[in-house]
Student: 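Okay, here's the structure, questions in a sec.
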Amino acid sequence: MPELPEVETILRQLERLIKGRKIKEVQVAVPRILYHLSPADFKKRLRGAVFTSFSRRGKFLLCHMNEGELVMLIHFRMTGSLLYGTPSAISKAHTRISFWLDNDKLLCYNDMRKLGKIELIKGELVDNFHELKSLGPDPLSPDFSPQLLYNILQGSRRQVKELLLDQHKIAGLGNIYASEVLFDCGIHPQKKAHSLSPEEVGGLHRSILKILHLAIESRGCSIANYVDLAGESGAFQELRNVYQREGEPCYRCGELICRIKQQQRSTYLCPRCQQ
DNA sequence: ACCCTGACCTGCGGGC
DNA sequence: TGCCCGCAGGTCAGGG
């Protein structure tokens with residue numbers, strides 16, 4: 001599920017709705033979401049903890065607890081979501097972890113496929129946490145310049161779409177937005193990364209920012225089951241040009257959108273607009 | 001460095 | 001109706 005825009009949407013809602021709230025009780029229905037942490041440990045460390053602030057790196061959501069002393073790190077993978085509301089209003093389908101808050105509302109981590117992951121890290125160790133440390137630059141960070149993108153692409157002989165999906169190179173794009181971005185700038189997804197000209201990279205850079213900002217404004221993309229904290233769908237799926245539009249006409253030129261496989265995953269493109 | 005496969009999970013829709 | 005297959009916003013480990 002969530003790529004960068006969906007995580008950003010969730011983060012903004014958490015800032016508005018959960019900031020300053022204290023956790024009264026924690027319930028762990030599916031321990032494997034916590035990986036190496038035991039449910040007992042997880043509960044003990046979070047009982048009484050206060051949500052201080054929130055941040056994001058790529059697709060990782062960071063909940064800073066107790067003035068930054070502790071960080072709860074969430075990766076939603078394919079089908080994870082956070083839901084917030086009164087206990088009776090929240091969908092209990094696939095609830096894996098529940099947090100009771102001091103206003104008697106519930107914050108639930110729901111995840112049909114159980115592929116998501118939650119970690120607890122001491123605040124001072126966050127920057128050394130290997131999964132964050134190995135991430136490439138976040139495209140919404142100020143240091144993500146066209147020149148930086150050019151350097152990243154120059155260093156690889158792989159296909160450009162594969163590179164956009166590689167979180168160690170650029171952190172935040174997933175399968176939907178990678179296809180949409182490449183359509184937007186007219187670059188064929190199978191082009192070798194190092195073969196792109198500075199002008200093409202400039203266009204790619206502009207399209208990455210354009211599509212991500214557009215998707216955040218639309219509060220994410222709900223093609224399948226993504227919902228925000230309130231259980232609401234996003235609207236970006238109405239704006240997409242290629243993703244899951246195989247066999248339908250390109251809005252720009254009328255050619256039929258086609259689907260190819262790259263690294264066992266579907267890529268959608270317009271064969272006429274993307275050369 | 002690159003490429004592919006399988007693993008982790010559940011659920012949905014299509015074809016027979 | 002039921003069963004099997006492929007597919008799904010992700011990522012990692014392992015082998016060639």
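What's counted below: heavy atoms across the whole structure, side chains too, no hydrogens, waters or symmetry copies. Proteins come first, then strands; the chains are lettered A, B, ... in the order of their sequence lines, and each starts at number 1.
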Student: B/dG13 C1' sits how many Å from A/N225 CG, rounded?
Tutor: 15 Å

Student: With side chain to side chain donor-acceptor pair (under 3.5 Å) as the criterion, how do A/N103 and A/K24 come out once you've worked through the C-alpha distance, each side chain's angles and the decisive distance to 0.1 Å?
Tutor: CA-CA 9 Å; A/N103 57 357; A/K24 281 207 310 205; over 6 Å; no

Student: Looking only at side-chain atoms of A/S266, point me to the closest of C/dG10, B/dT10, C/dA8.
Tutor: C/dA8

Student: Using whole Å, report how far CG of A/L173 lies from C1' of C/dT11.
Tutor: 15 Å

Student: Just to confirm, is there a sub-4.0 Å distance from OP1 or OP2 of C/dG10 to any side-chain nitrogen or oxygen of A/Q167?
Tutor: no

Student: Quick one: which of B/dT10, C/dA8, C/dG10 gets closest to the side chain of A/R96?
Tutor: B/dT10

Student: Within less than 4.0 Å of OP1 or OP2 of B/dC8, is there a side-chain N or O belonging to A/K114?
Tutor: no

Student: For C/dG6 and B/dT5, measure between their P atoms and round to the nearest Å.
Tutor: 13 Å

Student: In whole angstrom, what separates A/N175's CG from C/dC7's C1'?
Tutor: 12 Å

Student: Write down the distance separating the P atoms in B/dG6 and C/dC5, rounded off to the nearest Å.
Tutor: 14 Å

Student: Indicate whether any N or O donor in one side chain lies under 3.5 Å from an N or O acceptor in the other, for A/R245 and A/Y251.
Tutor: yes

Student: Mind checking who shares a hydrophobic cluster with A/L165, ILVMFWY linked at side-chain heavy-atom distances under 4.5 Å?
Tutor: none

Student: Using a 4.0 Å heavy-atom cut-off, does A/K117 contact any base of the nucleic acid, only the sugar-phosphate backbone, or nothing at all?
Tutor: nothing

Student: Counting side-chain heavy atoms from C-beta on, which of C/dT11, C/dA8, B/dG11 comes nearest to A/M112?
Tutor: B/dG11

Student: On the nucleotide C/dT11, are OP1 or OP2 found under 4.0 Å from the side-chain N or O atoms that A/H168 carries?
Tutor: no

Student: Can you confirm whether A/R157 is buried at CZ, in the sense that more than 12 heavy atoms of other residues, nucleotides or ligands lie under 6.0 Å from that atom?
Tutor: no

Student: Charged N to carboxylate O below 4.0 Å: is that the case for A/D184 and A/K210?
Tutor: yes

Student: Closest approach to the side chain of A/H94, judged atom by atom: which nucleotide of C/dC7, C/dG10, B/dT10 is it?
Tutor: B/dT10

Student: Measure CD/A/Q244 against P/C/dG6 and give the value in whole Å, please.
Tutor: 18 Å

Student: Side chain of A/E3: nearest nucleotide among C/dG10, C/dA8, C/dT11?
Tutor: C/dG10

Student: In whole angstrom, what separates A/Q262's CD from C/dA8's P?
Tutor: 13 Å

Student: Rounded to the nearest angstrom, tell me the gap between atom CG in A/L115 and atom P in B/dG11.
Tutor: 12 Å

Student: Go nucleotide by nucleotide along DNA chain C from the 5' end; which of A/Y268 and A/H75 gets its closest nucleotide reached first?
Tutor: A/Y268

Student: For A/R47, is there an ion pair with A/E25 - N to carboxylate O distance below 4.0 angstrom?
Tutor: yes

Student: Determine the interatomic distance between P on B/dC8 and the same-named atom on C/dC3; round to the nearest Å.
Tutor: 24 Å

Student: Salt bridge check: are A/R158 and A/D166 linked by an N-O gap of less than 4.0 Å?
Tutor: yes

Student: Quick one: A/I170 CD1 to C/dG10 C1', roughly how many Å, whole number?
Tutor: 17 Å

Student: Any side-chain N or O of A/R113 under 4.0 Å from OP1/OP2 of C/dG10?
Tutor: no

Student: Between A/S156 and A/H194, does any side-chain donor sit less than 3.5 Å from a side-chain acceptor?
Tutor: no

Student: Using whole Å, report how far NZ of A/K261 lies from C1' of C/dG6.
Tutor: 8 Å

Student: A/H205 vs A/F144 aromatic rings, parallel, tilted or perpendicular, using cut-offs 30° and 60°?
Tutor: parallel

Student: With Watson-Crick and G-U wobble geometry limited to distances under 3.5 Å, how should the secondary structure of DNA chain C be encoded in dot-bracket form, using | for bases paired to another strand and [ ] for crossing pairs?
Tutor: .|||||||.|||||||

Student: Would you say A/T267 and A/Q262 are linked by a side-chain donor-acceptor pair, where the criterion is simply a distance under 3.5 Å?
Tutor: yes

Student: Could A/D138 and A/R57 be called an ion pair, given the rule that one side-chain N must be under 4.0 Å from one carboxylate O?
Tutor: no

Student: Please encode protein proximity along nucleotides 2-7 of chain B as a string of B, S and -, counting only heavy-atom distances under 4.0 Å.
Tutor: SSSB--

